Structures are given as structure tokens and as C-alpha cells.
Amino acid sequence: MFKARPVARKAAVKPDRLFGELCLAAASLLWLVYSPAAAQTPPISTLVPRGGFLTGPYDPVNGGDFQFVNDLVGGGIFYRSGFLGDSTVIGNVEAGHIWINHDVFDRSGLGLGPAVTQQISAPGVTGQFDFHATMVGHVLAGTGYVAASGTNAGGYTYLGVGMAPHAQLWSGAIATAYATGTSEIGSFSATPQSTIPVFRQFFQGISGTAADVINSSYGFGDPAATDPVSVAVDALAAANPLVTFVAAAGNDATAAVSAPGNVYNGVTVGSVGGTAFRTPSAFSSRGAVDFFDPVSGTTAVGVRAAVDIAAPGEQHVLAAYLGPTGGLVPLADVTEDPSPSDLFFVNQDGTSFASPTVAGGVALMKDAARGLQLPATAPDTRVIKSVLMATATATNGWTNGLALANGVLRTTQGLDWATGAGGLNLEGAGINYTSTLGNTRDLAGFGGGGIEQTGWDFGSVALGGSTDYVFTAPFSGPTDLQVALSWFVNGSFDDETETATRSAFANLDLQVWSVANDDFDSLIAESASLYNNAEFLRFSLDDGGLYGLRVLLPGMVYHAGETPPASETYGLSWNVVIVPEPAAGILLAAALGLIAGACHRRRTPRG
């Protein structure tokens, strides 16, 4: 049995603060409703949800600086094209179930079915509705639609709309017991037997349908990701690559990421806040996690970057469940039966809410992949992860240790300890993932080839070999370049015993080269971390010219059996931004700099 907790800093609130964090009866929603009749010919973007869960802080007396997270992270690129998650299923695995009776899950005015279509738990699980799961469900797929009434036209509320408001939700509960002390609100006990069966059903499918995305906003101690649950999640993710696992990093500040956020084959999310949500949240877990080699039985301490990306995780206003079940039971003076359906917790912080922001974004991407008939490889987790990383925005203080050594920019860290590749940028991800203009969407075969300035590929590299990509046109001048590579740690899952093993971990490297006379001429930059199963480069090229990308597989970190795998498949994504020509005075300064360093192509890390 392990003790777990929801990874939301303010989910476990003190009794004397909880009443101050409940607000907004149903009547107060009406002024937040968007009315389509307000404009004669509104742009498409205003006909679909433009809002989302609020960030603040929310101050009902003095007003608040509301920011709509869906727009802030670029979700509008999908909404404007009509992709709201309709074709997707999002599974949420936590202590308890999402409370389906809150107003934000009411879809009756939309002609849609219920928001939550499956409630899954294993024997011995309490299966109770829980306040934390309800908040997370709001972020994932709250709809918040208010039907027309009197002179008020029907529409979505900014307060109610989650990231993928038309997606189906599956609610998985794993808690065998909840903490009873007021100092541990939301904490719970679970076992592998109560947890793994839920993950298995979500990954493998229910009645022939698997989840598209699985979110987990809870955490437990497992420094090297060796717990049976952690190993099972990795094995299930590798066996079901079209199901993307997303997890919260945890709220232990400078402490390392907790499980299941430190597994290999998913997308782990840290929190950002501050101005424009560019600053790593002080509470967001970070730093290097441990690495366990199951073949040698040895552990390397503090060597692996676990966070892949970051998203807003501060000052959220989220659906409140106050029923006398789940994690709020110790606060008997707060719980109500029946629970009001129109109340919200305000100013909620935690990676618990950053994670479903990304998971909902992944659902939008997969909805678009179906609607636009993208290549069959597009929903693969390795592709999704590489696209999200390659289009991420550098956060304040971002660094992955990239430094110039012997004329080459190198990193053995790969990702920033706190925010991975940076902040979620769905606008950039949407263009990279779906565009047909100046964009590559999965080359034919697995052998690399010519690529446009943005795009992605699902490829393969042979053991001891490399796969090369060459941009079809030279860069015309200074260029900002981001490249991300993602692959799986391989393993197996036994359906009968519901146990798993890890079997092979390939050591892929990512390089950028200058190209001359059809040859890779000079190595420019390299990401070569040993213990990560993702590589990432972000830097600036000061010179134009022709460049290429190279994926290498020099060897295995470990493998079971005498013969290692012959190759490894991966997702690769890249994003090129041509820097505008500087003003004349800056040109002169640049010329002087070129004279001083004319022997090398200039390139600099970009943070």
C-alpha cells in the first residue's frame, strides 16, 4: 500500500479558509455568458468557447485580473476550426470520481451526451465522488453551457469551459481509504491492485474504445519509478502508443518529481505562473530524479530530467464538490448533502491543474488529427510529445545546460529541471501538427529525408546508425531553432497477473549539422543525455545556410537478453523561426562581431 496525495497546493485548505474560497452562485454566472447575438457577423472564434477556467487572483469584492487560460495557452487555434474534443475520450485517474452533477458538466443544452460516460474502479476501492477529481475534471472537459433564458442568449460561460469541452470523460477511482485528519485533506491510500486495473482498462479500452488521453493529478513517493504502478504505466503506454499519458510533476518545490509523474513514457507537467505565465511556480517539483537499471539492478541518483513541459497552475477558479464523501470528509462543518451544484473553489494552485491543461490540449490535437485526416502516426504519444516540446515557449530562467565546447553547443541535461522544454504553446503546436503550408507531416518510410521549416516525423534509427533530415531550403539569415526527440522505454505487461517489466532503454542522441555539397559538414549542436528518453535543443543560429538534423542510436542504456533491439522508433519535431533583419546600427555591430569570430558559424543557447 502507498500513501498518495492530490498534487494541488490549495486543495487541502484549512477550514477557516474554505468558506472564503467558495463563491459565485448560478445567478452570477449569467454576466459571464457570451451571447452570439451580440454581433451581427461575429468572427468564428467567438462562436465557440474562448474562455476557460479563470486565473486571478479572484477578488469578488475588488474585482480581479481575469485571464482565460484556454486562450492564454493558444487553444483558440483549435476552437476556431471547430475542434472542441468531440471525437475524444479523456480518462482521469485519481483518488475518487468526478462529481457529474456540477453545473460545469451540464451539456443538456448542447445536444451532447453526459460529460462522464464511465466510472471505473477496482474491488476494494471506495469509489466516492471527490472534490479534487471534480476540479481536475473541470479543467479537462468542463462545458459550462447556460441555456437561453429571457433576454439572455444561450452560450458558454468563461467560468465553466475546460480545455476540451466536448470530450467524453472517463473517471477512474483508486483510493482504498482517505485520510481522516484535517491536516491531510485529500490524501489517500491506494495499492497496485486498486490502481493498475484502472490504468489497464483506460489504456487497453472499454468495449473496444481506449482513452485518447489519460490524466493523473496525484502523486506518491517512488524516487526511481520502480513501484509496480510506475512500471505498469510505462509498459501499458509503450504497448498502446495512441493513448497519451499526462501526469502532474508534484508540489514539493525543489524536491524531485513524484510518481507517476516520473515515469518515462508520458508527458510530465510542471506549473508556471506570474506575468504571462512564464515563471516556474515556486511549489512545482523539479530537479533530477533517480534512474534504475533493471538489468544490472543498480540505481543512479539524481541524473534524469522528469518534467517535459509546463502549463498555468496558479490562481484557478474551479468546480466545487462539497458532498460528504472523498477527501473533504474531515471538514464536517463544510460538507453539504446534497452538494450545491453552482459553487466554485477560487485561487487554486497546483500542478494538479497544469497537468489537465496539457491533457486537454492533447485531446484537441487528437480531435484535429481525426477531423483533418492526419497521417495514422499523428496521435502517437511520441509524436504528440515531440510536437508539444518543439513548440514550447522558453520560460523565465530556462536552461537545459546547453554550452559551447570545442565549437559545438552541447547538453547532457536535455531539459530544464523545472519546466522541461518550456511553457505550453498550443498555437504553435497546432500549426506544427496540422499545417500543410511549408510544413512536414510524417515523411514516407522511416529513413529521414528532406523537410520543411516546421513539422514532425515518426521515424526509426538502427542500432549503431543514424537517420538524417535535411531542410529543403537554406535559412536566409539568423534563425531560432527548436528540435525535440521522444521515444519509449520498452517493456511488457502481463494481463493475467497485471504486472509489468521494463526490458530495453535505447540511448538516442539529437544533433544539428551544417550541410555542404550534400554532406553533413560541421556539427553545430547536440543533445546527448544518457538517462532521458527525450532530447531537446533550443538555440539561435546567427548565420544563414543549409542545415540538417541527425538522430543517432550509438547504443543501449540497458536491454534484457543477449541480443539488443535492432532499432528504435521515435517522434521528431522541429520549429524554425527566421529572425527579422536588424536595424542598420545593429547590423554594423553584428558585422564587427562576425569579423571577430569568422572562423566558426555562430550559435548561441536561447533561453
Side-chain angles (χ1 to χ4, degrees), residues 5-30 32 51-61 64 66 69 92 94-107 115-116 128-146 156-163 165 169 171 173 175 178 182 185-188 217-218 313-350 352-353 356-357:
R5 62 194 184 283
V7 282
R9 291 180 69 241
K10 292 183 181 177
V13 288
K14 296 180 180 180
D16 60 348
R17 291 194 59 190
L18 187 56
F19 283 113
E21 294 190 339
L22 297 173
C23 66
L24 302 178
S28 67
L29 286 177
L30 296 179
L32 287 169
F53 37 102
L54 301 173
T55 65
Y58 175 74
D59 183 344
V61 177
F66 296 144
V69 175
N92 188 53
E94 289 194 63
H97 285 306
I98 299 166
W99 184 51
I100 59 177
N101 294 323
H102 195 283
D103 286 352
V104 299
F105 301 117
D106 182 4
R107 302 181 176 186
V116 178
Q128 299 174 24
F129 291 126
D130 185 54
F131 77 109
H132 186 267
T134 302
M135 288 192 288
V136 172
H138 178 188
V139 179
L140 288 168
T143 305
Y145 187 86
V146 174
Y156 299 86
T157 64
Y158 290 139
L159 191 66
V161 177
M163 287 298 298
L169 283 172
S171 180
Y178 287 89
T182 56
I185 301 299
S187 296
F188 62 97
S217 290
Y218 77 100
E314 298 185 14
Q315 308 289 355
H316 292 286
V317 176
L318 298 170
Y321 170 65
L322 301 179
T325 62
L328 280 185
V329 169
L331 299 182
D333 57 335
V334 171
T335 58
E336 300 181 41
D337 192 6
S339 175
S341 65
D342 55 5
L343 299 182
F344 293 76
F345 293 112
V346 302
N347 298 344
Q348 296 292 296
D349 295 350
S352 280
F353 314 126
T357 301

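Given the structure is predicted, the values throughout are model-derived calculations rather than measurements.
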Within the 6.0 Å centroid threshold, strictly below: His102 and Phe129: no
Between CD1 on residue Ile98 and CG on residue Leu169, distance to nearest 0.5 Å: 4.5 Å
Any side-chain heavy-atom pair of Met163 and Pro356 under 4.5 Å: no
Minimum heavy-atom distance His316-Phe353, with the two atoms named: CD2-CB, 3.6 Å
Over all atoms of both residues, closest heavy-atom pair of Ser171 and Gly96: OG-O, 4.2 Å
Gap between atom CG of Asn101 and atom CG of Asp106 - 0.5 Å precision: 9.5 Å
Val329: partners by side-chain contact (heavy atoms from CB on, under 4.5 Å), with sequence neighbours left out: none
Taking every non-hydrogen atom, the tightest pair across His138 and Val317: CE1-O, 3.7 Å
Distance (rounded to the nearest 0.5 Å) between Thr143 OG1 and Asp103 CG: 11.5 Å
Pairwise distance CD(Gln315) to CG(Asn347) - rounded to 0.5 angstrom: 4.5 Å
Shortest non-hydrogen separation from Ala320 to Trp99 and the atoms involved: O-CZ3, 4.1 Å
Ser217 side-chain N/O to Ser352 backbone N/O, donor-acceptor pair under 3.5 Å: yes
Close side-chain approach of Val139 and Val136, heavy atoms under 4.5 Å: no
Test item: Gln128 and His97 side chains (from C-beta on) under 4.5 Å apart, heavy atoms: no
Results of side-chain contact (heavy atoms from CB on, under 4.5 Å) for Ala115 - residues two or more places apart only: Phe105, Arg107
Pairwise distance CZ(Phe344) to CG(Asp342) - rounded to 0.5 angstrom: 8.0 Å
Approximate separation, where rounding is to 0.5 Å, of Leu318 CG and Phe131 CZ: 11.5 Å
Distance-minimising heavy-atom pair for Asp130 and Gly327: OD1-N, 2.6 Å
Candidate pair Phe188 and His132, rule ring pair (Phe, Tyr, Trp, His ring centres under 6.0 Å), full reasoning: CA-CA 12 Å; Phe188 62 97; His132 186 267; 8.8 Å; no
